[in-house]
Structure formats: C-alpha cells, structure tokens
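This report concerns only the one structure given below.
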There are 2 protein chains.
Amino acid sequence: MPGVRRLQLPAGVQDLLPAEAAAKRRLEEMLLRLFSSWGYREVVTPTFEFIEALDVGPAASSEELLYKFIDREGHILALRPDLTTPIARLTATKLRHSSFPLRLCYAANVFRYEAPQAGRMREFHQAGVELIGADGSRADAEVIALAVEALQEAGLVDFRIGIGQVAITKAVLAELELQPEAEMAVKEALVGKDLVRLTGLLAQYSVPPAASRRVEGLFGLHGGEEVLERATGLLAGTPAARYLRELEEVFIALKALGLQRYLFIDLGILRAFDYYTGIVFEGYVPGLGFPVCGGGRYDELLEQFGFPCPATGFALGIERLLMARDKAGVAFPPSVPGYLVAGPSPASLLREARRLRQQGAVVELDAQGWSREEAEKQARERGLNLIWVDD
Amino acid sequence: MPGVRRLQLPAGVQDLLPAEAAAKRRLEEMLLRLFSSWGYREVVTPTFEFIEALDVGPAASSEELLYKFIDREGHILALRPDLTTPIARLTATKLRHSSFPLRLCYAANVFRYEAPQAGRMREFHQAGVELIGADGSRADAEVIALAVEALQEAGLVDFRIGIGQVAITKAVLAELELQPEAEMAVKEALVGKDLVRLTGLLAQYSVPPAASRRVEGLFGLHGGEEVLERATGLLAGTPAARYLRELEEVFIALKALGLQRYLFIDLGILRAFDYYTGIVFEGYVPGLGFPVCGGGRYDELLEQFGFPCPATGFALGIERLLMARDKAGVAFPPSVPGYLVAGPSPASLLREARRLRQQGAVVELDAQGWSREEAEKQARERGLNLIWVDD
C-alpha cells in the first residue's frame with residue numbers, strides 16, 4: 001500500500017476534475033477575451049521569484065503569507081501571492097519604454113499561506129487587469145466599468161461593487177499620530193472590520209474623542225450617493241477632504257456610464273495588500289461570504305522597482321466566480337455531440353473520426369479492439385453515440 | 001535604488017511579454033481544442049504536492065530535479081516536475097470508478113532544477129494527454145497519431161517522430177546481471193547517448209562480448225522499417241524479442257494510418273523519466289537540438305498509487321514548439337483591428353467602444369482626457385485607428 005502522503009494533497013490545494021477544469025478554462029477564456037477587447041494584453045510571469053521582488057510592501061504581515069524556499073545558491077525564493085507586484089516589476093524592467101498608459105492582463109495561479117476555508121485556498125486562480133501610467137478618475141472609472149462587464153460576462157446578474165478610498169483612511173490615521181505598532185493594530189482592526197476591537201484600541205491609545213468619532217464614523221459609512229455627503233461633513237477641513245473629492249469624481253463618472261445600480265460606496269474597504277493608495281473596490285454576490293473581485297489604485301508600487309508611475313487594476317477570483325455561478329444556477333452551454341468510433345480496422349476508424357471532428361464533434365476512438373456488443377455497452381456508459389465502422 | 005534581486009529573475013525562469021504570451025495562449029488553446037476533439041478532457045492538479053506523491057520513480061536521480069520546500073507543519077513539498085505522475089495519482093484516488101480507458105489532458109507549467117540552456121528552462125509549459133486503462137498497440141498508435149496531429153496543429157510540417165521501446169533496453173540490461181550502481185551508470189550512458197562512455201563501462205564491468213555487442217548494436221539502431229529486421233536478428237532467442245514484436249505492431253498500425261512519412265524507429269530513445277515501461281517516442285524538428293514532444297507507455301506508474309492500470313501518453317513542450325514555429329517562419333494570423341476611442345465625454349466613449357467591441361474590435365478607451373491632437377499622436381504610436389467622439 002502506498003503511504004498516505006502519496007495519496008493525499010497538502011492542505012489548501014486541490015485537483016480540478018474534468019467538469020471543474022472545463023468550467024475554469026471557459027471562464028478564463030471569456031474573461032481574457034473581454035480584457036483583450038478593451039485593449040489589455042496578457043503577460044505571464046514566473047511562478048516563483050526572489051523574495052525581494054515579491055515582498056515589497058511596508059507591511060511585515062504580508063511576508064507571512066508567502067510560501068518561501070531556498071535555492072541551491074542560497075537565495076530565498078517565494079511563490080507569487082498575486083500578479084500585481086510581478087507585473088509592476090515586469091513593467092519597470094522590461095516595458096518602461098512602452099506607450100503609456102499600458103494595459104496588461106493575466107489569468108494565473110497565486111499562492112497564499114493562509115488557513116484554508118470556504119472560498120480561500122492556498123493555491124487559487126485569478127484573472128485581472130493592470131492599467132499602468134494613468135492617474136485620475138477616468139482610469140479608476142475604466143477599471144471599475146470593466147469589472148462590472150467582467151462580472152456580467154461571468155454570467156452574474158445580482159452583484160454589487162463597493163467603492164472605497166484608502167487615501168482617506170491613511171490621512172485620518174496619520175492625523176492620530178500613533179506609534180507604528182499602534183497604527184498597525186488599528187489598521188488590522190479596520191481591515192478585519194472589527195468595530196469592537198477598533199473602539200477598544202482607540203480608547204487604549206487615548207485618541208481624542210473627535211478623532212475617534214471620525215475614524216469610527218468613516219468605518220461604518222456605506223451606502224449610496226448620500227454617503228458622500230455625510231463623509232463630506234465628517235472630513236470638512238481635514239487633509240482627507242481632497243481624497244473624498246476623488247472618490248466623488250469616480251462615482252459621478254460611473255453614474256454617467258449608467259452603472260449606478262451596481263455600485264455602492266463603502267469607506268470601510270481597505271484591501272489586505274498594502275500597496276493600495278487611492279480608490280479601491282470589491283465585488284460581492286449575495287450569499288457568498290467573500291468578495292469575488294477586488295482592486296484599486298496603487299500609485300507607489302512601481303516606484304519600488306525604480307519606475308515611479310501611477311497605476312490601477314483589479315483581480316477576479318476564478319474559483320469564487322465559479323462558486324457564485326453555481327449558486328446562481330448559471331450553466332455553460334452544453335458541449336458538442338460525442339461519438340465513439342469502433343470497429344475492426346484502425347485505419348478506417350481514424351478516417352471516420354477525422355471526418356466527424358472536422359464537423360466539430362468530439363470523437364473517442366476505440367483503443368482496445370472491442371467487439372460490437374462491447375462497443376455498444378461502452379458507448380452507453382459514456383453517453384456517446386456509437387459509430388461502428390465495419391469495412 | 002531597488003536592490004538587484006528586486007529587479008532580476010532567478011536563473012531559468014522568465015517573463016512572457018504580450019506577443020510571447022499571446023502566442024503561448026493561442027497554441028495552448030489550439031492543442032486543448034484538438035485533444036478535446038479526440039475525447040481527452042482537461043484536468044488541473046496543484047502546483048506543489050507532498051514529495052511522496054511526486055518522487056515515485058525508482059531512480060534516485062529524479063529527486064535532484066525537484067524544487068523542494070518545507071511547510072510549517074514540517075512536511076516536504078515539491079513543485080511538480082511533470083503532469084503524468086500527478087494525473088496518475090488523481091486517477092487512482094478520484095477517478096478509479098470511471099469508464100476506462102479514460103482520456104485526460106492538460107496545459108500547465110512544470111519545474112525542473114536543471115542547468116538552464118537553450119530549450120531548457122527551470123519553469124516551462126507543457127500540453128499533453130494521458131490515455132489510461134488501455135494496453136496494446138491500438139492505444140500506443142492512438143497517442144502517436146495524436147502527437148502527429150498536434151505537431152501539425154502547431155503549424156509544423158517538417159517534423160519526425162522517433163519510436164523506441166524501453167522494454168527492450170530493460171530486458172537486455174537485465175540479462176547483463178549488473179550490480180545496481182553499474183546498471184545505473186550504463187543506463188545513464190544510454191539516456192545521455194554517450195557511446196564512448198557506454199563502451200568503456202561495458203568493458204569495465206566485464207560484460208561478455210556477445211552481450212556488449214547486443215547493447216551497442218541496439219543503441220545505434222535507428223531508421224525506417226528495416227531497423228525492425230536488424231533488431232530481430234540481434235534479439236533472436238532473447239526475452240526482449242517479444243517487446244520488439246510490440247514495437248512492430250505499433251509501427252504497422254501507424255503505417256496503415258498513412259503516417260509512415262513522419263516516423264522512424266530509434267531503439268536508443270529511453271526518456272529521462274523512469275516510469276516508462278514500453279513504447280516510447282519523441283518528436284523532432286530540424287535545427288532544434290532537443291525534442292519538441294515526448295511520451296510513451298507507463299504501465300507500472302498507477303500501481304504506485306494503489307491502482308494497477310496500464311497507461312500511455314505524451315507531452316508537448318510549449319516553449320519549444322514556439323521556437324520551432326519561429327524557426328519555420330510560421331506566424332499566427334494577424335489580430336483584429338484596434339481602435340483608440342477618445343473625446344471629452346467618458347459616457348459617449350464607452351457607448352462607442354461597446355458598439356465596436358460587439359463587432360469584434362479591440363478598443364482602448366482614452367483614460368487620460370487627451371486633447372484631439374494628443375489622441376492622434378497616441379493612436380499613431382500604438383498603431384490604432386482613432387475614433388474621436390465629439391458629443
């Protein structure tokens with residue numbers, strides 16, 4: 001008997017059997033075709049890189065997510081936890097003489113060393129876009145409009161995209177003048193949407209009541225256009241006010257595109273990756289406890305690779321989209337008719353199979369030399385039409 | 001300035017820029033469509049597994065090829081060096097109640113810790129098929145016929161597939177009754193096609209002259225149908241004779257399919273992976289110093305996962321096929337027309353873009369609010385047709 005670890009998979013990774021693999025392939029092809037029609041061109045980056053190229057965020061916590069290993073030259077390598085950072089490196093090193101804005105996209109697997117749970121695997125697949133070299137609300141609106149079309153393309157109807165602005169949170173936190181660990185703790189409470197912990201921390205660090213109210217007030221702000229008004233009140237006269245105006249501009253641009261019914265504003269959206277600097281967003285479907293897509297503006301990431309340049313983008317979670325499709329009862333169209341071609345003469349079989357394949361059919365050849373009775377049984381078992389070639 | 005390891009890639013891995021990524025994507029889609037039309041269904045396996053599941057061969061040398069790392073539970077994990085072994089595990093554990101023969105395929109990346117050189121990267125891409133649960137010459141002929149179609153589908157004309165039979169080599173080596181290290185050394189010389197070393201080793205281990213002549217004679221045997229006759233002479237009366245008859249049967253079946261002009265026989269083909277047990281083959285194109293595809297029969301691999309079952313299959317090297325296409329001057333058809341849609345009103349731009357995309361065009365939106373003059377310049381730079389929307 002083979003040992004148990006020969007037959008099992010490590011926690012958090014999975015096999016995709018034919019039906020699941022086919023759904024994934026079709027969804028990725030549909031999304032890449034959509035991205036391509038918007039002018040985004042696919043790139044491929046290595047599965048692993050030097051840790052120095054992947055661990056570029058200021059947050060120490062991100063390194064814990066990495067699968068790390070040491071090569072025989074003693075360098076630390078890591079499996080990529082996302083594609084945004086590798087594409088920033090690629091752009092800074094190999095595409096810096098392109099025409100900007102540059103539109104790039106991908107469909108690839110990523111790796112995060114997290115506790116596996118529903119909707120969160122340690123290896124999973126993303127499809128996404130990066131719009132590099134464009135600042136301003138038109139660019140933010142473009143990627144959000146494209147995210148809406150991507151979710152529609154994925155067959156979803158009942159979805160919403162929440163839009164936030166991390167620059168507001170960052171400015172409001174900076175005002176509190178906390179020590180680094182204290183700021184990190186507050187940020188974690190915000191990212192984790194843990195209001196009880198947040199209130200406790202603000203008290204513990206003796207944050208003045210007015211500032212505390214501002215942080216807590218922003219944290220809970222989500223809804224339609226009216227949220228912008230209430231935030232304007234909360235932020236009046238603070239440095240964060242101008243970041244709120246950016247958010248307003250993007251919202252107005254998307255409203256002009258007729259997309260308002262898919263959108264809401266949520267100033268509590270922070271995104272776990274620390275490279276975001278401005279407008280951020282996440283897509284939700286009812287009944288799934290995690291976003292199906294997320295992204296935003298990251299104007300300081302390319303600078304980490306020696307090429308200062310504004311950028312924005314988003315990624316869709318392929319497994320999550322497939323779960324959302326299943327939940328919503330969306331099916332891919334049935335596949336083409338299938339045949340089993342069998343009979344005594346292999347050469348005649350191949351000719352007949354070729355003819356059928358040219359008409360778009362899926363054709364299995366009998367590889368065993370079955371009798372007619374056996375071939376009939378096998379065709380039935382597989383749901384195939386038997387073509388018996390007798391000559 | 002960012003450190004040098006932030007900007008560089010580890011040896012043996014690479015970025016694919018848009019033109020290369022597009023060629024790879026199109027080739028993989030074409031191959032998967034072909035495999036699907038033959039009844040092969042795609043599966044996806046994890047990028048890494050427990051080392052016990054990947055290192056199943058009897059050859060100690062294969063473990064050196066693995067990228068290994070240790071997870072936080074202390075298990076040794078490794079990046080997959082091929083898909084045949086993971087698909088054997090998947091079949092044995094999750095598809096053993098299917099109708100056999102079972103046809104599975106894949107397009108995926110694999111990892112081998114080898115010295116990088118032309119045509120040999122440490123991370124590279126393969127597309128391939130596995131025909132599981134079928135023994136006999138029809139099955140061997142099916143996968144070789146499919147390999148011919150795959151190379152044609154890839155746009156190649158001037159290619160040849162060499163067919164060998166490792167069971168002959170194994171039987172002839174067994175007859176020599178060498179010690180394990182000696183047999184390993186002889187095998188390495190055979191795999192490395194190092195005739196000088198082979199002759200030296202046979203002398204060193206005092207192999208009798210008749211047996212030495214048999215090993216050396218088989219080693220050099222390659223050519224057309226006449227090779228079968230000469231091998232029959234060399235192997236007459238030895239246990240290897242019946243494996244030669246299997247090879248003959250497959251060759252005759254493929255000849256009946258009209259594929260003879262693509263084929264030759266080469267008893268020196270051994271393949272590096274130690275799981276092969278019978279008919280093996282490799283595809284070559286002129287001017288490339290390495291095969292573009294390879295595969296064969298591996299009747300003992302599934303048993304390693306507790307499910308004894310004959311099987312055969314092959315993998316194509318995607319990067320190698322793309323190099324062969326380039327060398328042969330094969331180009332993908334030009335892509336669809338591209339437009340840059342610009343103008344003062346984002347909502348009007350999106351409407352116009354949507355109209356053009358529905359007609360199959362690639363459309364970039366102006367994300368910057370360019371003036372008409374700037375938009376004209378940008379469209380020229382990118383080779384796009386400018387659509388200026390004025391309302």
Side-chain angles (χ1 to χ4, degrees), chain A residues 1-3 5-7 9-10 13-18 21-22 25 36-39 41-47 49-50 52-53 69 71 77 90 93-94 99 101 103 109 123 131 134 138-139 141-142 145 253 256-257 304-306 346-347 350 357 362-365 367-369 378 381-382, chain B residues 1-3 5-7 9-10 13-18 21-22 25 36-37 39 41-47 49-50 52-53 69 71 75 77 90 93-94 99 101 103 109 123 131 134 138-139 141-142 145 253 256-257 304-306 346-347 350 357 362-365 367-369 378 381-382:
Chain A
M1 271 303 289
R5 277 211 289 286
R6 176 162 289 177
L7 300 180
L9 293 179
V13 304
Q14 63 186 338
D15 292 317
L16 300 186
L17 299 184
R25 174 72 57 181
S36 164
S37 77
W38 283 62
R41 304 180 72 197
E42 189 182 3
V43 289
V44 175
T45 72
T47 300
E49 302 198 22
F50 291 126
E52 292 87 343
F69 54 107
D71 71 8
L77 307 175
L90 179 153
T93 56
K94 293 171 185 162
S99 296
R103 288 176 175 82
N109 50 351
E123 174 178 15
L131 174 52
R138 275 200 191 207
E142 170 171 330
L257 300 179
Q304 301 282 329
F305 298 101
L350 197 73
R357 287 178 190 132
V362 166
V363 183
E364 292 190 23
L365 283 176
Q368 303 282 68
Q378 292 282 346
E381 253 183 61
R382 291 153 199 258
Chain B
M1 270 302 290
R5 276 211 291 284
R6 176 161 290 179
L7 301 180
L9 292 179
V13 303
Q14 63 185 337
D15 292 317
L16 299 186
L17 299 183
R25 175 72 57 182
S36 163
S37 78
R41 304 180 71 196
E42 188 181 4
V43 289
V44 175
T45 73
T47 300
E49 302 197 24
F50 291 125
E52 290 88 343
F69 54 107
D71 72 8
H75 302 306
L77 306 176
L90 178 153
T93 56
K94 292 171 186 163
S99 296
R103 288 174 174 82
N109 50 351
E123 175 178 13
L131 174 52
R138 275 201 191 204
E142 170 171 330
L257 301 178
Q304 301 283 328
F305 299 100
L350 196 73
R357 285 178 192 133
V362 166
V363 183
E364 292 190 22
L365 283 175
Q368 303 282 69
Q378 292 282 346
E381 254 182 60
R382 291 153 198 258

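So that the names make sense, note that chain A is the first sequence line, chain B the second, and so on, each numbered from 1. The basis for the numbers below is simple: all heavy atoms, side chains too, and nothing from hydrogens, waters or symmetry mates. Predicted model, so just to flag it, every value in this text is computed and none were measured.
- Your options are B:A53, B:A22, B:A256, and the one with the most heavy-atom pairs under 4.5 Å with chain A is B:A53.
- Taking all atoms of both residues into account, the shortest heavy-atom contact from B:R103 to A:E364 is NH1-OE1, 3.0 Å.
- The contact between B:E142 and chain A is made entirely by side chain atoms (from C-beta outward), counting heavy-atom distances below 4.5 Å.
- Neither the backbone nor the side chain of B:A253 comes within contact range of chain A; no heavy atom of the residue lies under 4.5 Å from a heavy atom of that chain.
- Proximity of a side-chain donor or acceptor of A:E123 to a complementary backbone N or O of B:T47 within less than 3.5 Å is detected.
- The greatest number of non-hydrogen atom pairs below 4.5 Å with chain A, out of B:E42, B:E381, B:R5, is found for B:R5.
- Counting heavy-atom pairs closer than 4.5 Å to chain B, the top residue among A:D71, A:V44, A:V13 is A:V44.
- Of all heavy-atom pairs spanning B:L257 and A:A347, the tightest one is CD2-CA, 3.2 Å.
- Among B:A145, B:G39, B:A141, B:S99, the residue making the largest number of heavy-atom pairs under 4.5 Å with chain A is B:S99.
- Contact record, B:F305 with A:L7: O-CD2, 3.5 Å, taken as the closest heavy-atom pair.
- Heavy-atom distances place the side chain of B:R357, and not its backbone, under 4.5 Å from chain A.
- Among B:V43, B:V362, B:L9, B:L90, the residue making the largest number of heavy-atom pairs under 4.5 Å with chain A is B:L9.
- With a 4.5 Å cut-off on non-hydrogen atoms, B:T93 touches chain A through its side chain but not through its backbone.
- A donor-acceptor contact shorter than 3.5 Å links the side chain of B:R6 to the backbone of A:E52.
- A distance of 14.5 Å separates CZ in A:R25 from CZ in B:R41, rounded to the nearest 0.5 Å.
- Heavy atoms closer than 4.5 Å to chain A are found in the side chain of B:L77, but not in its backbone.
- B:P46 approaches A:D15 most closely through the heavy-atom pair CD-OD1, 3.3 Å.
- With respect to chain B, the highest number of heavy-atom pairs below 4.5 Å among A:A21, A:A139, A:P18 belongs to A:P18.
- Among all heavy-atom pairs drawn from B:P101 and A:R382, the shortest one is O-NH1, 2.9 Å.
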